[in-house]
Trainee: 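Here's a structure for you.
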Amino acid sequence: MADLDTETASDASNGSENIDLRRHSLNDVVGSNRKLWKKPSKWTQAHLQALSVDIDRQSDAGVDAHEQNLHRDKGGPPLNALIPDLPQDRLERYSTIMEADIYPQKKALALKSMLVFPLPCPPKDGNNPNTDDIVNISTDVVGGSQLGTEAVSFDYYGECVLTLAVGQDKYFLSIAFAFHLGPLLLIYLDSSQITSFRDLRCTHNLRCPRNFYESLEARIVALLIALAQIRRISKGQQVVVTRLLFTRWDDDDGIYVYTATISRHLLDRFRHPSRPPTAIMPSLIKLQPVRVPYKPHDTFRNRILAAVSVTTTIMKKDDYFSRRKRKCSGSGKEVNVKRPCNKKKLNSSFV
């Protein structure tokens, strides 16, 4: 999983029986299997096995998929997102971009247009929460309080850097696109962002290996663990739920929502890679992928947010800005709109 030093690598046995993290330390698991001697950005199906990932594949999220997804998380009501009221033709236009465009940046901007209220005009001081800078999600984005069912609006932070920590080392994973809704950090990326040029060439020639997308799922798991590492975990909390949105070059009809339920014990393995577990854990990480079709376009936003346990409240742009203005003037205590009236420019440093 992480790079081994020369001494550890030379001592590893090629014939050792594969072991996993449920019973052994991270260093022991990596040292026992040469297939794991890869950086996290190059993880493969072997890493899914070493992590003992329990994958629960769901059927497509249909029009009526709200109820089965909204209460998937334990410990409280779902978030309620305030999203802009858009005419049918614009919803179809943005969904068509998601279906047909090959550039992840354009797909991210289409998602932004469907979920985020546009700023009425650039602030005079240049402080814009929807900056194009690459941001540090551990210090600039993560945070927020539990907001219950009160509707709040999305922030879009553009490109962000994702890294995985293993002990004192940090490994670059990918550039992704970050959406923020209260305590929820929702990441979007495309398969081209976690695929090498050689792999991209083989996929476009339709000659990719049978386990190609299993390897991509291993890298998705690395991203989900990285998101869990920067979450604030309360005392006694045993699991962390992280999510990301994922598009594949070979699927023009839907987007994939990956939900990971990650044990605190797994995070401890990465924090202390040489420390063995004190007990055998039955499960360290559960992965639940679900595909959300783009059509029908008019319900796509509701279905994709339902898949991440978020309800929706649709509001006209003028009403939204009126409420936001009242909050900024200090006269609307009942209004809790997430997007700030004045915000310092985001840090562009790496995690």
Side-chain angles (χ1 to χ4, degrees), residues 1-9 11-13 16-56 73-75 137-138 142 161-174 185 187 194 214-244 258-289 351:
M1 297 178 186
D3 290 338
L4 297 176
D5 57 37
T6 305
E7 182 179 357
T8 306
D11 293 339
S13 171
S16 297
E17 182 182 356
N18 291 344
I19 59 179
D20 59 50
L21 285 178
R22 292 177 300 175
R23 299 173 175 83
H24 303 275
S25 71
L26 181 64
N27 284 351
D28 287 342
V29 171
V30 174
S32 71
N33 187 349
R34 286 184 179 272
K35 293 180 180 180
L36 303 178
W37 297 4
K38 298 177 182 291
K39 293 183 178 180
S41 59
K42 302 295 183 182
W43 278 6
T44 65
Q45 192 173 16
H47 295 83
L48 292 178
Q49 296 172 358
L51 290 166
S52 298
V53 178
D54 180 10
I55 302 180
D56 176 20
D73 294 341
K74 298 179 181 179
I137 58 174
S138 64
V142 175
V161 175
L162 293 174
T163 61
L164 181 70
V166 183
Q168 299 298 315
D169 299 320
K170 291 183 183 293
Y171 296 89
F172 171 79
L173 296 177
S174 178
L185 176 62
I187 296 297
I194 56 174
E214 284 79 359
S215 295
L216 287 192
E217 283 193 340
R219 299 167 199 177
I220 288 171
V221 167
L223 291 162
L224 291 164
I225 295 173
L227 292 174
Q229 288 180 333
I230 58 177
R231 287 282 299 273
R232 297 168 184 169
I233 304 177
S234 61
K235 186 177 180 180
Q237 183 178 350
Q238 296 302 313
V239 297
V240 178
V241 178
T242 57
R243 297 183 173 88
L244 63 78
Y258 281 88
T259 301
T261 304
I262 300 171
S263 167
R264 189 170 192 154
H265 298 288
L266 179 65
L267 299 179
D268 289 340
R269 301 285 196 284
F270 281 84
R271 188 178 298 111
H272 307 289
S274 61
R275 183 182 300 175
T278 57
I280 298 176
M281 298 293 110
S283 177
L284 293 175
I285 177 170
K286 294 182 179 180
L287 184 66
Q288 189 176 62
V351 175

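In this text, all values refer to a predicted model and were calculated from it rather than measured experimentally.
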Trainee: Determine, stepwise, if the pair Ile55 / Glu217 fulfils side chain to side chain contact (heavy atoms under 4.5 Å, CB included).
Mentor: CA-CA 10 Å; Ile55 302 180; Glu217 283 193 340; 3.9 Å; yes
Trainee: So, for Ser25 and Pro273, which heavy atoms are closest and what is the spacing to 0.1 Å?
Mentor: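 The pair with the smallest heavy-atom distance is CB-O, 3.4 Å.
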Trainee: Any chance you could measure Phe270, atom CZ, to Leu51, atom CG, to the nearest 0.5 Å?
Mentor: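 It is 5.5 Å, given to the nearest 0.5 Å.
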Trainee: Can you give me the closest heavy-atom contact between Trp43 and Ala218, atom names plus distance?
Mentor: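 So the minimum-distance heavy-atom pair works out to CE3-O, 3.3 Å.
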Trainee: So, taking the atom named NZ in Lys39 and the one named CZ in Phe172, what distance separates them when rounded to the nearest 0.5 Å?
Mentor: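 Output value for this atom pair is 11.0 Å.
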Trainee: Return the CG to CD distance between Leu162 and Gln229, rounded to the nearest 0.5 Å.
Mentor: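 The CD atom of Gln229 is 11.0 Å from CG of Leu162, to the nearest 0.5 Å.
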Trainee: Tell me, with the steps shown, if Ile262 and Thr242 meet side chain to side chain contact (heavy atoms under 4.5 Å, CB included).
Mentor: CA-CA 8 Å; Ile262 300 171; Thr242 57; 3.8 Å; yes
Trainee: Quick one: does Asn27's side chain get under 4.5 Å of Arg275's, heavy atoms only?
Mentor: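 Result no, sub-4.5 Å side-chain heavy-atom pair not found.
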Trainee: In a check of side chain to side chain donor-acceptor pair (under 3.5 Å) between Asp268 and each of Arg271, Arg264, His265, which one passes?
Mentor: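 Of all the options given, the one that passes is Arg271.
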Trainee: At their closest point, which heavy atom of Lys170 faces which heavy atom of Thr163, and how far apart are they?
Mentor: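 Scanning both residues completely, I find the closest heavy atoms to be CD-OG1, 4.4 Å.
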Trainee: Any side-chain heavy atom of Gln49 sitting closer than 4.5 Å to one from Asp20?
Mentor: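 Side-chain contact under 4.5 Å: no.
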Trainee: To the nearest 0.5 angstrom, please state how far the OH atom of Tyr258 sits from the CD1 atom of Ile220.
Mentor: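 Reported to 0.5 Å precision, the distance equals 4.0 Å.
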Trainee: Say you draw a straight line from CG of Leu173 to CG of Leu224; how long is it, rounded to the nearest 0.5 Å?
Mentor: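 Leu173 atom CG to Leu224 atom CG measures 10.5 Å (nearest 0.5 Å).
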Trainee: Atom CZ in Arg219, atom CG in Leu48: separation rounded to 0.5 Å?
Mentor: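 Output value for this atom pair is 11.0 Å.
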Trainee: Determine whether a donor-acceptor pair (N or O, by modelled atom type, separation under 3.5 Å) exists between the side chain of His47 and the backbone of Thr44.
Mentor: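 Yes, His47 side chain to Thr44 backbone: donor-acceptor pair under 3.5 Å.
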Trainee: When you compare the side chain of Ile187 with that of Leu223, does any pair of heavy atoms fall below 4.5 Å?
Mentor: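 No - every pair of side-chain heavy atoms lies 4.5 Å or more apart.
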Trainee: Looking at Thr259, Asp56, Asp54, which one forms a side chain to side chain donor-acceptor pair (under 3.5 Å) with Gln288?
Mentor: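 Output: one option passes, namely Asp56.
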Trainee: Between Gln238 and Gly236, is there a donor-acceptor pair closer than 3.5 Å when you use the side chain of the first and the backbone of the second?
Mentor: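 Side chain of Gln238 to backbone of Gly236: a pair is present.
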Trainee: Taking atom types as modelled and ignoring hydrogens, do the side chains of Arg22 and Ser52 form a donor-acceptor contact shorter than 3.5 angstrom?
Mentor: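 There is such a pair (donor and acceptor under 3.5 Å, judged by atom type) between the side chains of Arg22 and Ser52.
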Trainee: Closest approach of Leu21 and Leu266, non-hydrogen atoms and distance?
Mentor: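 Taking every non-hydrogen atom into account, CD1-CD1, 3.7 Å.
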Trainee: If you compare all heavy atoms of Val239 against all heavy atoms of Ser263, which two are closest, and at what distance to 0.1 Å?
Mentor: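 Of all heavy-atom pairs spanning Val239 and Ser263, the closest is CG1-CA, 4.3 Å.
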Trainee: Which heavy atom in Ala222 sits nearest to a heavy atom in Leu164, and how many Å separate them?
Mentor: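 Closest approach of Ala222 to Leu164, heavy atoms only: O-CD1, 3.9 Å.
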